[in-house]
Amino acid sequence: MNLQQFVRDVPDFPKPGIVFKDITPLLAHADAFRVAIDGLAGIAESLQPDAIVAIESRGFWFGAPLAIRLQLPFIPVRKPGKLPFTTHREQYALEYGTDALEIHTDALPAGARTLIVDDVLATGGTAAAVGGLVRRAGGVTVGTLFLIELSALGGRARLGDMTPHALLTY
Ligand code: AMP
């Protein structure tokens, strides 16, 4: 099955000049979503993680089913102020300004082999920040996993040894 037929380009969203990869048609097609999760699960298994860390909010669509499929802990990384217990926070640069993400301080067992999951790899800034959170929480990132890699935006170089894997590359 060619999953790219379920990814819709939306020009100028959320602002002029961005071509947004809308994956809601894939989520809405039961076979396509299952094929995507099957493919991601195969990659994830080969990395032998102890935990899945997924990034709010679109990363949850993939991280949660993967954690269930692989029978691994699901660890959410969320926007500031959303996680109730004590947290680590990482700030990262956006095109204009900064944003931040948090993880619970006790989210990971010491040395846990951690796989970071999100929907789209663009510049890699978000996943790099999550790599910092995993390190501060005591884990080791064994890779990063995305449905889609936008290869022209250079995220792969930015992630270094947090090697990115993706089902679809544009
Ligand atoms: P980045 O930090 O630049 O790698 O951006 C990654 C985050 O932004 C991911 O959580 C994506 O969901 C989102 N994102 C960035 N660019 C796009 C795009 N063209 N289409 C869909 N999502 C995007």
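Both ligands and their constituent atoms are indexed starting at 1 by order of listing.
- At a threshold of 4.5 Å between non-hydrogen side-chain atoms, the residues I55 and L101 count as touching.
- Side chain of R156 to backbone of P164: a donor-acceptor contact under 3.5 angstrom is found.
- In this structure, ligand 1 sits under 4.0 Å from heavy atoms belonging to V19, F20, K21, R58, D118, D119, V120, A122, T123, G124, G125, T126, L150.
- Classification of the H29-F6 ring pair by plane angle, with boundaries at 30° and 60°, yields tilted.
- Looking at T86 and T105, their side chains do bring a donor and an acceptor atom within 3.5 Å of each other.
- With values rounded to the nearest 0.5 angstrom, T87 atom OG1 is found 13.5 Å from K82 atom NZ.
- Taking CG of L66 as the reference point, atom CG of L40 lies at 5.5 Å (rounded to 0.5 Å).
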